[in-house]
Amino acid sequence: MASTLPPPAPARKRARLTRRTLRSDRWWLGPLLTVLGLSGFLLYGLVRALQQDHYWVSDYHYLTPFYSPCLSASCEPGSAALGTLPWEFPWFLPYAVVSLPLLLLFRFTCYYYRKAYYRSFWQAPTACAVREPHGTYTGESRFPLLGQNLHRYFFYAAVAISVINSYDAVLAFLHGAEGGFGLGVGNLVLLTNVVLLWCYTLSCHSCRHVMGGRLRSFWNRPVRYWMWTQISRLNTRHMLFAWVTLGTLVLTDLYVALVASGTIPDLRIIN
Ligand code: FES
């Protein structure tokens with residue numbers, strides 16, 4: 001049977017601009033801030049993942065999301081809520097060796113981040129009415145950008161990891177200084193981070209598609225329609241959640257690192 005799909009768009013020449021840009025505004029500011037923000041996050045994350053220290057506060061069961069789930073046999077006692085593998089990892093392998101790459105791939109293939117780094121790092125397109133260095137445009141129809149289509153699968157991995165992060169945050173409430181329920185600033189930090197991570201994950205375009213895609217009509221599907229409506233609301237703020245969660249991940253990790261290293265005490269509200 002003949003395919004009904006349209007043929008792939010041919011590689012087209014880019015707009016021919018006689019000058020580097022026709023714009024007079026500060027169009028470069030957005031891409032510059034994107035480069036600084038994403039590079040800063042990646043650098044911080046790399047340093048912390050390789051540090052393999054100050055990731056766990058045993059008194060209150062605070063585990064930084066950068067080390068969750070902790071899988072090396074050398075994870076600090078109590079920090080591996082899901083158990084560990086039988087081996088100690090070499091220094092260059094992060095303790096969260098499964099979740100970190102999946103989370104990075106989830107963000108790397110995110111529709112919003114693609115837009116951001118295509119404009120800032122990749123320069124294709126750089127901005128409207130700005131000459132770009134590439135002669136042709138093949139979009140995401142060829143390797144390696146064809147791999148961006150895997151985003152829908154990384155979404156499921158991100159949901160699983162958000163569940164684990166939520167479990168960590170709830171466990172911390174059950175390990176106060178006296179063994180029962182406890183509440184400290186660290187609990188609020190972990191909880192805020194996890195709520196915002198859910199906002200980012202559920203506002204994903206793939207999640208919206210899971211809720212409402214491949215349907216001709218929501219007729220007779222009131223629950224799915226309600227969920228699709230809520231996800232669509234979150235989806236309008238996806239860019240905001242993308243940036244806010246980069247900040248909360250760093251702040252949460254930093255807070256746990258400072259308490260774990262004894263630099264600051266955890267302010268307790270209920271011991
Ligand atoms: Fe951004 Fe899916 S579109 S996480």
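Counting starts at 1 for both ligands and their atoms, in listed order. Index from 1, following the sequence.
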| Can the positive tip of Arg107 be found less than 6.0 Å from the middle of the six-membered ring of Tyr200, inside 45° of the ring normal? | yes
| Is it true that Cys204 and Cys110 have SG atoms closer together than 2.5 Å? | no
| field | For Val159, the option from Phe106, Phe154, Trp198 that meets side-chain contact (heavy atoms from CB on, under 4.5 Å) | value | Trp198
| query | Under 6.0 Å between ring centres, would you say that holds for Tyr112 and Phe241? | reply | no
| note | Closest non-hydrogen contact found for Arg23 with Ala129 is CG-CB, 3.9 Å
| request: Please step through side chain to side chain donor-acceptor pair (under 3.5 Å) for the pair Arg233 and Ser203, ending with a clear verdict. | output: CA-CA 8 Å; Arg233 280 202 186 126; Ser203 64; over 6 Å; no
| request: May I ask you to determine how many protein N/O/S atoms are under 2.8 Å from atom 2 (Fe) of ligand 1? | output: 2
| Proximal ligand 1 atoms for Tyr200, defined as those under 4.0 Å from one of its heavy atoms | 1 (Fe), 4 (S)
